[in-house]
Amino acid sequence: MAGSREDALDDATISERLAAELPAWTYEDGWIRRTYKTAGWKSTLMVINTVGHLAEAAWHHPDLTASYAWVEVRLMNHAAKGITDKDFALAKKIEEVVGWQPGTEGQGLEGTPADARFAYIKYDK
């Protein structure tokens, strides 16, 4: 339910859940965070818009910092003054959508070509 109050998770739980559920994310200064490397400004804007859409649909809004070839996403539940299940849920959805690699699924979608002119996300190996 929108606006419902949640309790913040303790540091140990946050660390355990990140390791198990979101290994590319870190916990620092009260935020869970992830930096996505992109191929350039156009790709950076697409990541920002994707995160923005997911956050607005979820009604849970991250802080974003961006530069030419990267976007940092930071999540914290301000009402709870800490990290909650909502942060994990949105981080998982962001990771699923931004990290999607269609060419690896074998379902007919090729993904962006290897040619640098069409590069998008710099996927973790």
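Just so it is clear, the structure is predicted and the values come from calculations on it, not from any experiment.
Residues Thr38 and Tyr68 form no side-chain contact, since every pair of their non-hydrogen atoms from C-beta on lies 4.5 Å or further apart. Residues Asp85 and Glu6 have side chains in contact (heavy-atom distance under 4.5 Å, counting atoms from C-beta outward).
The hydrophobic cluster containing Val51 also contains Val97, counting ILVMFWY residues as joined when their side-chain heavy atoms lie under 4.5 angstrom apart, directly or transitively. In the hydrophobic cluster analysis, where Ile, Leu, Val, Met, Phe, Trp and Tyr join through side-chain heavy atoms closer than 4.5 angstrom, Trp100 is grouped apart from Tyr36. Residue Ile94 is grouped with residue Leu64 when hydrophobic side chains (ILVMFWY) are merged at heavy-atom distances under 4.5 angstrom, including chains of intermediate members. Placement of Trp70 and Met46 in two distinct hydrophobic clusters is found when ILVMFWY residues are connected by side-chain heavy-atom separations under 4.5 Å, directly or transitively.
Partner Val71 forms a side chain to side chain contact (heavy atoms under 4.5 Å, CB included) with one of Ile48, Thr35, Leu45 and no other, that one being Ile48. Screening Leu75, Ile32, Leu54 for a side chain to side chain contact (heavy atoms under 4.5 Å, CB included) with Pro62, the sole residue that qualifies is Leu75.
At least one donor-acceptor pair under 3.5 Å links the side chain of Asp87 to the backbone N or O of Met76. Side chain of Thr13 to main chain of Leu9: no donor-acceptor pair is present (N/O by atom type, distance under 3.5 Å, no hydrogens or angles).
Here the OG1 atom belonging to Thr26 is positioned 5.5 Å from the CD atom belonging to Glu28, to the nearest 0.5 angstrom. From Ile83, atom CD1 reaches atom CH2 of Trp31 across 8.0 Å, with rounding to the nearest 0.5 Å. How far OG of Ser43 is from NZ of Lys37: 14.0 Å, rounded to the nearest 0.5 Å. Atom-to-atom distance recorded for Ile14:CD1 and Tyr27:OH is 4.0 Å, nearest 0.5 angstrom.
Looking at every heavy atom in both residues, Thr44 comes nearest to Ala66 through CG2-CB, 4.0 Å. Of all non-hydrogen atoms in Lys86 and His60, the two that sit nearest each other are O-CD2, 3.7 Å. Contact between Lys122 and Ala39 at its shortest, heavy atoms only, is CE-CA, 4.2 Å.
Residues satisfying the side chain to side chain contact (heavy atoms under 4.5 Å, CB included) test with Ala19, not counting sequence neighbours, are none. Residues passing the salt bridge (charged side-chain N to carboxylate O under 4.0 Å, His left out) test with Lys92 are Glu21, sequence neighbours excluded.
The environment of NE2 in His61 is crowded: more than 12 heavy-atom neighbours from other residues, nucleotides or ligands sit within 6.0 Å.
The existence of a salt bridge linking Glu72 and Arg74 is confirmed by a sub-4.0 Å separation between a basic side-chain nitrogen and an acidic carboxylate oxygen.
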